[in-house]
There are 2 protein chains.
Amino acid sequence: MRTGQERQQITLEAVALHAHVSRQTISNALNAPHRLAPDTLARAKRSIDTLGYRPNQAARSLRTLSSQLIGFRIEPDRDGINGAVLDRFLHALCRAAKFEDYHLLLFTASDDASEIDGYDELLRGRAVDAFVLSSTHQGDERTRWLTERSLPFVTFGRPWGETDPQHAWVDVDGAAGTEAAVEHLIRRGHRRIAFIGWPPGSGVGDDRHTGWRRAVLANGLPQQGLAVRGEDGVESGRALAAKLLDLVQPPSGLVCASDSLALGALRAVADRGLVAGRDTAVVGFDDTPVAMAVAPGLTSIRQPVEDAASAIVRLLAERLSGVRVPPAGELIVPTLIERGSS
Amino acid sequence: MRTGQERQQITLEAVALHAHVSRQTISNALNAPHRLAPDTLARAKRSIDTLGYRPNQAARSLRTLSSQLIGFRIEPDRDGINGAVLDRFLHALCRAAKFEDYHLLLFTASDDASEIDGYDELLRGRAVDAFVLSSTHQGDERTRWLTERSLPFVTFGRPWGETDPQHAWVDVDGAAGTEAAVEHLIRRGHRRIAFIGWPPGSGVGDDRHTGWRRAVLANGLPQQGLAVRGEDGVESGRALAAKLLDLVQPPSGLVCASDSLALGALRAVADRGLVAGRDTAVVGFDDTPVAMAVAPGLTSIRQPVEDAASAIVRLLAERLSGVRVPPAGELIVPTLIERGSS
DNA sequence: ATGCCTGGTGTGAACGATCAAATCCACATG
DNA sequence: CATGTGGATTTGATCGTTCACACCAGGCAT
């Protein structure tokens, strides 16, 4: 005697008996309703409802070679403060997947190599149909490995550094985000608008830098010496902002590549007896929960992860439908959430 | 022609052929190695390795009535700032599950009722073997529903308000946490130690309040008027702390029920020109990322979610092993992370 | 009337694993 | 020598679904 789960499963056979039709007819009622005569369909559906039938996933999976599961690796949230975006994304992905009758299967891995082992394991056992990858980076081994085997997957993140992408991806247009931030500050009357970002080399960081640069140049604003870059983090942001604010001609607007940096910038502003939002404007990136919680409210660029998630699922569904689809990418424009800091 | 996933699956039959034994022998090599003669086992294992065989999950699941999947509902992270704990928990749970050869299957639900629908759906289709529930609360419909059907599940969170629990649970001892915080402040020389918490009624909140009260009474410290309670959030914490700091005899130590409240308290301290950690000590709860990021570093009580996760998986594994086990609970003691604020 | 098609429904086989039971073999025992 | 014993291995059946195909009735053209 096992646990309660042992309860007799309601099988296709049982429903067929109840509706006085064959197994296959019930199966068709669910998978190919157009094949049935209207009254047969109605009868079948009624029996399905009254008996509360759900097809056994294992049996279906065994026969159709599809588990209706999408693999996703959650990573140990590194900095912590930015993990919130991935958290929102995970939730959105889960909801989006449900629309296509997919579920998410989670697994962990400490690095890319063991993530690949995870793929291998899951695929060999036919446990998942496809993967969603997050946090793509330059020379990503994972995408290469999956592409070589022509396995279905979509990345949340561009194929950084690849001239012509070999796979499907969805990403948020970081440059458009920082660009919007600059435009926003210009409308607020700012002229000297600086950028606080990460060291060159990271795709995401460079992208956000590009947006600032583009907007500043397009509007004929000063640019010289107004871009400072250092590692992510509150303390780092404070130091970088301090350097800017202590210039002979300090900027009045600070566009940051992350909320962590922006938090630090806010502190540097306060350190100097200035008031954020009145004397100096600060804009963050990612609209993490702290952005709302912090003192005057931090204006921040919000990634529309819900849109990204549905785009990803859509691309995935195409790729799983059977027809071979060429690699495709989608850039989603983020939105600026205005708060007290600007 | 479908996608690359179509690659011929390596089947038990194929491995058996390769090792010159029968299907069942290979199966035994994996599931019941003790039944095989040493040399046969070695041969079987060698063949398994060279062919890179993994049992087809669907087939195994169909036959054994177990999917090796644990269902977990992720909720739209409400306040956001505390979502970080659930995030860490999710990760830990994923790792712990792997030890017992389980994976996590995620699903979403907007409320408890639709969460129950989710259970029903997944169980009817035999998609999962068990569930892990988080955020239990008073009069939880979900646990009742699952218990009634004697389905295997474990909650992360006590069965609040139930006299004798009907199910397995694991929780973090919040009272022990706040108690430790008070003891810590006493060692630092504080005598007037206040508590900032949530309104009475929530199990978690009352638990944390209890710990403070217990420690204060045990050490003969003043208690009158030193417990203030209001909704969670930074602003709320600021207001509540302000009230305490403006007393004729203000407390020198503030123990808070959350990092959000503590963040507000820090601000109230600064508002009055006091220095946190020197003049007034502040302790938070949950050790969210902001605790480390904030000004002098926020001392906070950290929930050992890794321990909780392994305990949960252990309880679950027991319940899934076949033998009927009585309801059991486990309380895990949190640890105090000391930082600049105390 | 015969044949062909088409839409609707039923039948047998197959997916790949494990369970239960049968078989085989070596060895000890009466 | 026959019989029993227990360990090691194999065989057949089975889990619940969908696929491929067979069947059947009726309409239409020949």
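The shown structure was predicted, so the numbers you read here are calculated from the model rather than taken from an experiment.
- Taking atom CG of residue A/L51 and atom P of nucleotide D/dG16, one finds them 15 Å apart after rounding to whole Å.
- Side-chain N/O atoms of B/Q57 and A/S67 include no donor and acceptor closer than 3.5 Å.
- With sequence neighbours excluded, no residue satisfies salt bridge (Lys or Arg N to Asp or Glu O under 4.0 Å) with B/E162.
- For the pair A/Q68 CD and D/dT17 P, the interatomic distance rounds to 15 Å; values are reported in whole Å.
- The shortest distance between the side-chain N/O atoms of A/T64 and the OP1/OP2 oxygens of D/dT17 is not below 4.0 Å.
- Boundaries of the chain A contact region on DNA chain C are C/dG8 to C/dG16, first to last in 5' to 3' order (nucleotide atom under 4.0 Å from a heavy atom).
- Partners of A/S27 according to the side chain to side chain donor-acceptor pair (under 3.5 Å) rule, which considers only residues two or more places apart in sequence or in another chain, are A/N31.
- Residue whose closest nucleotide on DNA chain D sits further toward the 5' end, between B/V21 and B/R63: B/V21.
- A heavy-atom distance below 4.5 Å is found between the side chains of A/E75 and A/L86.
- Applying the ring-ring contact (aromatic ring centres under 6.0 Å, His included) rule to B/F153 yields the partners B/H167; only residues at least two apart in sequence or on another chain are considered.
- Residues passing the side chain to side chain donor-acceptor pair (under 3.5 Å) test with A/S22, sequence neighbours excluded: A/T25.
- Separating the CG atom of A/N28 from the P atom of D/dC19 is a distance of 9 Å, rounded to the nearest angstrom.
- In terms of the side chain to side chain donor-acceptor pair (under 3.5 Å) criterion, residue partners of B/H18 (sequence neighbours excluded) are, by chain and number, B/S47.
- Rounded to a whole Å, the CD atom of B/E13 is 12 Å from the C1' atom of D/dT10.
- Under the salt bridge (Lys or Arg N to Asp or Glu O under 4.0 Å) criterion, B/R23 pairs with no residue, sequence neighbours left out.
- By the side chain to side chain donor-acceptor pair (under 3.5 Å) test, A/R142 is found to be paired with A/E115, A/D140, residues two or more places apart in sequence or in another chain being considered.
- The CD1 atom of B/I26 sits 13 Å away from the P atom of D/dT11 (whole-angstrom rounding).
- Distance from the side chain of A/N31 is smallest to D/dT18 among D/dT17, D/dT9, D/dT18.
- At a cut-off of 3.5 Å, with distance as the only test, a side-chain donor of A/D111 or A/S114 sits close to an acceptor on the other residue.
- Sorted by first and then second residue, the ring pair (Phe, Tyr, Trp, His ring centres under 6.0 Å) pairs involving residues 105-124 of chain A (not counting sequence neighbours) are A/F107-A/Y119, A/Y119-A/F131.
- B/R126 has its CZ atom 14 Å from the C1' atom of D/dT17, to the nearest Å.
- Positionally, the nearest nucleotide of DNA chain C for A/R43 lies more toward the 5' end than for the other of A/R43 and A/R23.
- No contact: B/S61 has no heavy atom under 4.0 Å from any strand.
- Rounded to 10 degrees, the angle separating the terminal axes of the helix from C/dA1-D/dT30 to C/dG30-D/dC1 is 70°, with each axis obtained from five end pairs.
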Going 5' to 3' through nucleotides 20-27 of chain D and flagging B where a protein heavy-atom sits under 4.0 Å of the base, S where only the sugar-phosphate is that close, and - otherwise, we get B-------
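- In this structure, A/I48 atom CD1 and D/dG16 atom P are separated by 17 Å, rounded to whole Å.
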Could you pull out every donor-acceptor pair under 3.5 Å between side chains of residues 303-317 of chain A and any protein atom, sequence neighbours left out?
residue	atom	partner	partner atom	Å
A/Q303	NE2	A/D286	OD1	2.8
A/S310	OG	A/E306	O	2.8
A/S310	OG	A/D307	O	3.4
A/R314	NH2	A/E330	OE2	3.1

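- Whole-Å rounding puts the A/L65 CG to D/dT17 P distance at 17 Å.
- Relative to the side chain of A/L62, the nucleotides D/dT10, D/dG16, D/dT17 differ in distance, and D/dG16 lies closest.
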